[in-house]
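Atoms considered below: every heavy atom in the structure, side chains included; atoms not considered: hydrogens, waters and symmetry mates. Protein chains get the first letters and strands the later ones, always in sequence-line order, with residue 1 at the start of each.
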Amino acid sequence: MKYWLMKSEPDVFSIDQLKKDKTTWWEGVRNYQARNFMMKDMKVGDAVLFYHSNAEPPGVAGLAVISKEAEPDKTQFDKRSEYYDAKATREKPIWFCVEVGFGDKFAELVSLQDLRDNKALKEMLVLQKGSRLSVQPVDKKHFEIVKKMGGL
DNA sequence: GCCAACGTTGGC
DNA sequence: GCCAACGTTGGC
């Protein structure tokens, strides 16, 4: 089993929304690296750090779990969607997404600053300069540390 | 296949 | 709202 970090802007989709909805298709990823992780590497049961980006403050808000493996992202075919991609066809989809299920919400957000302040996490991808990848792998040991920091 | 121009992400 | 860092596009 693998460990991941997935970013979402809470104004668009927060951990509270996931808690309410139970599961969600992780639509709208339009970056090949992020897509490849979802398409090739994610398996049902993989654990996810749910990260709030563009938030005040940004940070890990809780845990999620991969509940279904990759399928074509429906929004690429939808002309009305902001994620519409004219180059994609149903025969040859370009974008894929996984289904993510709610895990746990941290009692308190583990902020980006908290992550930076923890020396044991300094290798974490999300802390590297210029790291913009919205779906990224996380080391098991880093995952466990962040989970503890979140009180779980 | 290079690289300048452009668009996006995301912290601040 | 700014802007650094990065990814993508398209002319050549």
Side-chain angles (χ1 to χ4, degrees), chain A residues 2-21 24-42 46-66 70-139 141-143 145-151:
Chain A
K2 293 198 176 74
Y3 299 85
W4 305 95
L5 180 146
M6 298 174 87
K7 296 179 186 173
S8 180
E9 301 191 19
D11 291 347
V12 178
F13 191 85
S14 68
I15 189 130
D16 290 324
Q17 191 63 45
L18 180 59
K19 185 174 184 180
K20 205 155 74 179
D21 295 352
T24 188
W25 286 97
W26 206 261
E27 294 170 334
V29 171
R30 294 295 179 268
N31 170 285
Y32 287 104
Q33 242 185 307
R35 178 205 68 175
N36 290 344
F37 285 132
M38 289 198 287
M39 196 166 74
K40 298 177 175 160
D41 299 322
M42 282 185 172
D46 282 2
V48 177
L49 299 174
F50 193 109
Y51 183 90
H52 281 173
S53 62
N54 264 318
E56 190 48 56
V60 178
L63 304 180
V65 60
I66 304 304
E71 291 188 12
D73 180 339
K74 291 195 302 292
T75 62
Q76 69 194 304
F77 310 123
D78 181 359
K79 283 205 170 84
R80 289 160 310 178
S81 168
E82 62 174 313
Y83 302 122
Y84 176 68
D85 188 334
K87 293 196 289 291
T89 64
R90 290 184 186 275
E91 292 70 36
K92 282 201 166 182
I94 299 173
W95 305 108
F96 288 76
C97 55
V98 293
E99 189 194 69
V100 172
F102 177 73
D104 264 302
K105 184 183 174 181
F106 290 165
E108 270 186 73
L109 183 104
V110 177
S111 72
L112 179 59
Q113 193 56 54
D114 294 336
L115 299 177
R116 288 198 198 287
D117 289 344
N118 190 328
K119 291 230 168 56
L121 298 177
K122 70 170 190 291
E123 308 285 326
M124 254 185 111
L125 220 50
V126 74
L127 301 182
Q128 306 314 305
K129 189 175 170 185
S131 159
R132 302 190 320 186
L133 203 54
S134 64
V135 174
Q136 53 179 260
V138 173
D139 284 355
K141 63 172 191 281
H142 293 153
F143 183 94
I145 292 168
V146 175
K147 187 174 166 179
K148 271 209 189 85
M149 290 168 78

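Atom CG in A:Leu112 sits roughly 14 Å away from atom C1' in B:dT9 (whole-Å rounding). Remark: P of C:dG7 and CH2 of A:Trp95 are 13 Å apart, rounded to the nearest angstrom. As rounded to whole Å, 17 Å separates atom P of B:dG7 from atom CD of A:Glu82. Residue A:Leu125 contributes atom CG, which lies 17 Å from atom P of B:dT9 at whole-angstrom precision. Going from atom NZ of A:Lys87 over to atom C1' of C:dT8 covers 10 Å, rounded to whole Å. For A:Gln33 and B:dT9, the CD to P distance is 15 Å, given to the nearest whole Å. Rounded to whole angstrom, the span from the NE2 atom of A:His52 across to the P atom of B:dC12 amounts to 17 Å. As rounded to whole Å, 11 Å separates atom P of B:dG11 from atom CG of A:Leu115.
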> Step by step, would you call A:Arg30 with A:Asp73 a salt bridge (charged side-chain N to carboxylate O under 4.0 Å, His left out)?
Replying inline: CA-CA 10 Å; A:Arg30 294 295 179 268; A:Asp73 180 339; 3.0 Å; yes
task = Take A:Thr75 and A:Asp78 through the test side-chain hydrogen bond (donor to acceptor under 3.5 Å, both in side chains) and record every step on the way to the result.
result = CA-CA 5 Å; A:Thr75 62; A:Asp78 181 359; over 6 Å; no
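Classified by interplanar angle (parallel below 30°, tilted 30° to 60°, perpendicular above 60°), the ring pair A:Phe13/A:Phe50 is tilted.
Out of B:dG10, C:dT9, B:dG11, the shortest distance to the side chain of A:Lys7 is found at B:dG10.
Using a 4.0 Å cut-off, no side-chain N or O of A:Lys129 falls inside it from OP1 or OP2 of C:dA4. When the side-chain nitrogen and oxygen atoms of A:Tyr51 are compared with OP1 and OP2 of B:dG11, one or more of them lie within a distance under 4.0 Å.
The closest donor-acceptor contact from the side chain of A:Gln76 to the backbone of A:Pro93 lies at 3.5 Å or more, if one exists at all.
Place A:Arg30 and A:Asn54 on DNA chain C by their nearest nucleotides, and A:Asn54 ends up nearer the 5' end.
If you check distances only, the side chain of A:Arg132 does reach the base of B:dT8 with a donor-acceptor pair under 3.5 Å.
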